[in-house]
Protein chains: 2
Amino acid sequence: MLSERQSMILNAIVDDYIRSAEPVGSRSISKRGDVAFSPATIRNEMADLEELGFLEQPHTSAGRIPSNKGYRYYVDHLAPLNPLKAEDLKLFKQLAAENLNAVEEVIQHAGTILATMTNYTSILLGPEMFNTSLRHFQLLPLSETTAVAIIVTSTGEVENKTVTIPEGVSASDMEVMANLLNAKLAGVPMHKLKARLYSEIGQEIQRHADHYEKLMQLLDDALAAGKDQKVFLSGTTNMLIQPEFKDIGKLKTVLDLLEETPTLTRLLNSEHKGIQVRIGSENVHQAFVNCSLITATYSLEGESFGTIGILGPTRMEYAKVIGTLDLLSRAMSRALTGRYGA
Amino acid sequence: MLSERQSMILNAIVDDYIRSAEPVGSRSISKRGDVAFSPATIRNEMADLEELGFLEQPHTSAGRIPSNKGYRYYVDHLAPLNPLKAEDLKLFKQLAAENLNAVEEVIQHAGTILATMTNYTSILLGPEMFNTSLRHFQLLPLSETTAVAIIVTSTGEVENKTVTIPEGVSASDMEVMANLLNAKLAGVPMHKLKARLYSEIGQEIQRHADHYEKLMQLLDDALAAGKDQKVFLSGTTNMLIQPEFKDIGKLKTVLDLLEETPTLTRLLNSEHKGIQVRIGSENVHQAFVNCSLITATYSLEGESFGTIGILGPTRMEYAKVIGTLDLLSRAMSRALTGRYGA
DNA sequence: GTTTAGCACTCATTTGAATAGAGTGCTAAC
DNA sequence: GTTAGCACTCTATTCAAATGAGTGCTAAAC
């Protein structure tokens, strides 16, 4: 599609612009050394590249900046595989070395590392329901009318929910039920729990107790605990140091969205495995038009488990971020499989 | 200390400045109606007030703005008790009406209401250890080497921590210990747990098991769960709409601090009960010099339980915020005592 | 004695014109 | 095909002048 030379020039422009955040002109490209043509020649090519939609010009007498299409070409064809620096690798080692017992600690820590290394905002999604199973269930009365339901998953996540005890249900009823659930449903994948509750436990309860309706309602409610994926953010304030967000209005749009956990979950989840890059308007959400979101999935024993992502301006260090995400997602998969694999 | 008229003028200036964020001049005060003097007279008083340290002048030809001392006088002597608007009261009703079972839900919800009503940032501190007791303890093996410790408090909070199982300790050992803890320590205040662990459980364990050291270490570790107070933030992006934070540098200082949970906990906690106002440099932390922090405590059966606070610029709507915090802290105390009181 | 009108003065902000500078597009020469 | 040269465009900077809000002081009025 693009000639060799056009590619080189596009590459040089994106590269320069990522570094400087300033429109780049033909002169500076010519002086870089890797494109040994005169400014005039480069100008001609730049005009072509603009016509093709890879570049934009803020105004007639300014240099060019990459368009979304330009960035897209850059990441698809040009972005160099970026070997990480030694100091960065050190941080990874920490992740493996530190004695992090809980999955959530691993995720949280990985998020911090990501944000620190890249100077962008990291967004990590915890385990999906699909890939954990029930380890233990407990129903503990708190008062006459309320009880707390506790669910422990196969990965050691503990979720809880306070529920209202229906009229006429006794503490011993609840104990019986909890025991029943543990006996029948331990090891069942979380996303199948509700279905199994009705198919397997329903009859049993009918046999044991009078308040079938109420009890099922209670259990149904209790099992809702831990249904939503958790979101871990780190480095949100890194957004502030990006020159593209010196405009507080734009900044607020993005930061506001970062507070909306459900929306974030939706935006980060995708069937796509591996690395995914969404540039500017490729993001569905309006608030992210000036941003790029790069995500990777991590897994437990080969099963996709959660997502890690980096949010930054479209003028983002793609090579570095992609490299980092790739390595970190692998490191997380290893760390998790090492601990919770069969 | 101040004459009647000086007070009136100071009040008018603070009032105006809170509304406009612009230095206020003698003319506009004179035209307000509540201070029926000519601009010249008011100018004289303003000069005096400046000399006394209640006002500041950005430059010679600008109006005056309140100094920290000025704000302080305003909140101590002048701030009117602000009756809440009907729409605001409606939000409070919601807090009572909604069926919020868990303490954390109540707190979270209260935080959102606070931020929405005031357009500032709300910071809420969860229950202090001192005021909850142990309801239930559990130790659940996850793998050969790890187990998850679960603590349920008297208020239904569920905390968990993944711990490493010391060599040679069996699943049945752990079960015995958990039972022992529940039998001996249920109802003991959280902050006394560790002490009681050694004084009461220590001997028992010595009798039952060989691995005294290791077991005590394990339990000690497990009981660390839920030790720190949780922090709930809401409306952090409201900080962005304040004109005093149009300077991204200042903004970042504040937002960065908001991410530091332990520091926040420290800043919000104070022995002081009831409403507390910290204006500008009265805040210990450097990052808050341009901010005011207003806090109130809420309680469970009269025992101080946690803290709710509002962070905004020193140019803050003190009357409204103080009124809101006062009402909301009472509402929370009522809501909690109603649910978890004896 | 207190209050206020009047006025000169200060200083940040706005305005507009001139200038500088970066970069382009085009043409003609190499 | 490449490049030097140059006119042109447009932004950003600079600087002076004008604007205007607000003050402090003085002297007159109450």
Side-chain angles (χ1 to χ4, degrees), chain A residues 2-10 12-17 19-67 70 243-244 246-247 315, chain B residues 2-10 12-17 19-67 70 243-244 246-247 315:
Chain A
L2 291 187
S3 73
E4 178 85 4
R5 193 166 70 186
Q6 283 174 322
S7 283
M8 281 173 64
I9 291 175
L10 179 56
I13 291 175
V14 176
D15 227 58
D16 254 36
Y17 185 65
R19 250 192 291 282
S20 69
E22 300 279 301
V24 355
S26 52
R27 260 180 79 76
S28 54
I29 297 297
S30 176
K31 279 197 287 193
R32 271 172 55 114
D34 54 349
V35 187
F37 292 94
S38 76
T41 311
I42 292 172
R43 274 205 292 283
N44 284 329
E45 297 285 27
M46 278 161 78
D48 289 350
L49 284 169
E50 182 173 355
E51 206 157 306
L52 291 168
F54 293 96
L55 295 178
E56 285 168 2
Q57 204 171 17
H59 58 265
T60 27
S61 75
R64 304 300 209 291
I65 63 175
S67 66
E244 21 272 285
K246 66 183 188 314
D247 169 13
R315 183 191 59 80
Chain B
L2 291 186
S3 74
E4 179 84 4
R5 194 166 71 187
Q6 283 175 322
S7 285
M8 282 173 63
I9 291 175
L10 179 56
I13 291 175
V14 176
D15 227 59
D16 254 37
Y17 185 65
R19 249 192 290 282
S20 69
E22 301 278 302
V24 355
S26 51
R27 260 180 79 78
S28 54
I29 297 296
S30 176
K31 279 197 288 194
R32 270 172 57 114
D34 56 346
V35 186
F37 291 94
S38 77
T41 311
I42 293 172
R43 275 204 290 283
N44 284 328
E45 297 286 25
M46 279 161 79
D48 288 350
L49 283 168
E50 183 174 357
E51 207 156 306
L52 291 168
F54 293 97
L55 297 178
E56 285 169 1
Q57 206 171 14
H59 57 266
T60 27
S61 74
R64 304 299 209 291
I65 63 177
S67 66
E244 20 272 287
K246 65 183 188 315
D247 170 12
R315 183 189 60 79

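In what follows, chains carry the letters A, B, and so on, assigned in the order in which the sequence lines appear, proteins first and then strands, with residues in each chain numbered from 1. Keep in mind that what you see is a predicted model, and the values were worked out from it rather than measured.
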**Q** Mind calculating the distance between CD (E45(A)) and C1' (dG23(C)) to the nearest angstrom?
**A**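 The distance from CD of E45(A) to C1' of dG23(C) comes to 17 Å, rounded to the nearest Å.
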**Q** Is a side-chain N or O of S67(B) found less than 3.5 angstrom from the main chain of G53(B), in a donor-acceptor match?
**A**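 Judged by distance alone, yes, a pair lies under 3.5 Å.
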**Q** Looking at every non-hydrogen atom in both residues, tell me the closest pair between L55(B) and E50(B) and how far apart they are.
**A**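 Between these two residues, the closest heavy atoms are O-CG, 3.6 Å.
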**Q** When you measure from every atom of DNA chain C, which of residues 26-41 of chain B have a heavy atom less than 4.0 Å away?
**A**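 Contacting residues: F37(B), S38(B), A40(B), T41(B).
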**Q** Is any side-chain heavy atom of L2(B) closer than 4.5 Å to one of L49(B)?
**A**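 Yes, side chains in contact.
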**Q** Could you tell me the separation between the CZ atom of R43(B) and the C1' atom of dT2(C), rounded to a whole number of Å?
**A**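 Rounded to whole Å, this separation is 16 Å.
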**Q** So which one's nearest nucleotide on DNA chain C is more toward 5', P23(A) or N44(A)?
**A**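 The residue whose closest nucleotide sits nearer the 5' end is P23(A).
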**Q** Of all heavy-atom pairs between M46(A) and G25(A), which one has the smallest distance, and what is that distance?
**A**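 Smallest interatomic distance, heavy atoms only, reads CE-C, 4.3 Å.
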**Q** Short question: side chain of S20(B), backbone of D16(B) - any donor-acceptor pair under 3.5 Å?
**A**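 Yes, the answer is positive, given that a donor and an acceptor are paired below the 3.5 Å cut-off.
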**Q** How close do Q57(A) and G63(A) get, heavy atom to heavy atom, and via which atoms?
**A**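 The pair with the smallest heavy-atom distance is CG-O, 3.6 Å.
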**Q** Return the minimal non-hydrogen interatomic distance between Y17(B) and R315(B), and the atom names on each side.
**A**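 Closest approach of Y17(B) to R315(B), heavy atoms only: O-CD, 3.2 Å.
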**Q** Do P39(B) and I42(B) come close enough that some side-chain heavy atom pair is under 4.5 Å?
**A**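 Of all side-chain heavy-atom pairs linking I42(B) with P39(B), none is under 4.5 Å.
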**Q** Distance under 4.0 Å to a non-hydrogen atom of chain A counts as contact; along DNA chain D, which nucleotides mark the start and end?
**A**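 Nucleotide range in contact with chain A: dT2(D) to dT11(D).
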**Q** Strictly under 4.0 angstrom, non-hydrogen atoms only: write out the protein contact profile of nucleotides 9-18 of chain C, one letter per nucleotide from the 5' end, B, S or -.
**A** -BBS------
**Q** Given side chains that start at C-beta, do those of E45(A) and D48(A) come closer than 4.5 Å, heavy atoms only?
**A**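 In short, these two side chains touch, coming nearer than 4.5 Å.
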**Q** Under a 4.5 Å cut-off applied to non-hydrogen side-chain atoms, are Q6(A) and F54(A) in contact?
**A**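 No, too far: nothing below the 4.5 Å cut-off.
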